[in-house]
Amino acid sequence: QVQLVESGGGLVQAGASLRLSCTASGRTFSSGTMAWFRQAPGKESEFVAAIRWSDGGTYYADSVKGRFTISRDNAKKTVSLQMNSLKPEDTAVYYCAASDRAYYSGRYYKPASNYDYWGQGTQVTVSS
């Protein structure tokens with residue numbers, strides 16, 4: 001059984017940085033796609049960023065492009081999300097997700113339904 005565990009959330013001021021991590025256990029991911037989603041209170045879940053295990057190809061939501069960086073460590077089965085220049089509108093619960101399939105376009109990266117496994121979420125709060 002696959003388990004995803006997120007860490008690294010917290011409370012920061014606008015303009016600060018945070019780094020989220022997601023560690024996978026239960027199987028080896030040598031292919032497929034890892035992603036981060038977020039959900040703010042009263043809002044729908046939103047795609048943030050994704051990365052392929054095989055070649056490190058990445059894809060970002062326009063709202064975070066240039067501020068967030070997703071990376072992976074295949075040996076440690078860990079995916080990280082470096083978040084810089086945080087804004088109050090980045091406040092949300094951030095979820096790590098994994099798919100057994102490798103995606104190559106936003107059409108497939110973005111839908112939450114394309115991911116098979118989910119973490120429990122970590123809270124990120126950005127104060128103004």
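Residue numbers run from 1 in the order of the sequence given.
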Exercise for review: Apply side-chain hydrogen bond (donor to acceptor under 3.5 Å, both in side chains) to Thr78 and Asp73, showing your working.
Suggested key: CA-CA 5 Å; Thr78 298; Asp73 184 327; over 6 Å; no
Practice item. Output, in order, the C-alpha distance, side-chain angles, deciding distance and verdict of ring-ring contact (aromatic ring centres under 6.0 Å, His included) for Trp36 and Phe47. Key: CA-CA 7 Å; Trp36 289 94; Phe47 169 84; over 10 Å; no
Review point. Between Arg38 and Ser63, does a side-chain contact (heavy atoms from CB on, under 4.5 Å) hold up when you go through it step by step?
Key: CA-CA 12 Å; Arg38 65 187 181 186; Ser63 59; 3.6 Å; yes
Review point. Taking the side chain from Ser99 and the backbone from Asn114, do they hold a donor-acceptor pair closer than 3.5 Å?
Key: yes
Review point. Val79 and Phe37: same hydrophobic cluster, using ILVMFWY side-chain contacts below 4.5 Å?
Key: no
Review point. Can we say Asp55 and Arg52 salt-bridge, meaning some charged N sits less than 4.0 Å from an Asp/Glu carboxylate O?
Key: yes
Review point. What orientation do Tyr109 and Tyr103 show, parallel under 30°, tilted 30 to 60°, or perpendicular over 60°?
Key: perpendicular
Review point. Between Gln123 and Thr125, does any side-chain donor sit less than 3.5 Å from a side-chain acceptor?
Key: yes
Check your understanding: Between Tyr95 and Ala35, is there a donor-acceptor pair closer than 3.5 Å when you use the side chain of the first and the backbone of the second?
Key -> no
Practice item. Determine, using the 4.5 Å side-chain heavy-atom cutoff (strictly less than), whether Val126 and Val93 are members of one ILVMFWY cluster. Key: no
Review point. When rounded to the nearest 0.5 angstrom, what distance separates OH in Tyr60 from CZ in Arg67?
Key: 12.0 Å
Exercise for review: Sequence neighbours left out, what passes side-chain hydrogen bond (donor to acceptor under 3.5 Å, both in side chains) with Ser85? Give chain and number order.
Suggested key: none
Practice item. Go through the steps for Asp62 and Lys65 under the test salt bridge (Lys or Arg N to Asp or Glu O under 4.0 Å), then give the verdict. Key: CA-CA 5 Å; Asp62 289 343; Lys65 201 173 295 182; 3.2 Å; yes
**Study point:** same_hphob_cluster(Tyr115, Tyr108) at 4.5 Å side-chain heavy-atom cutoff
**Key:** yes
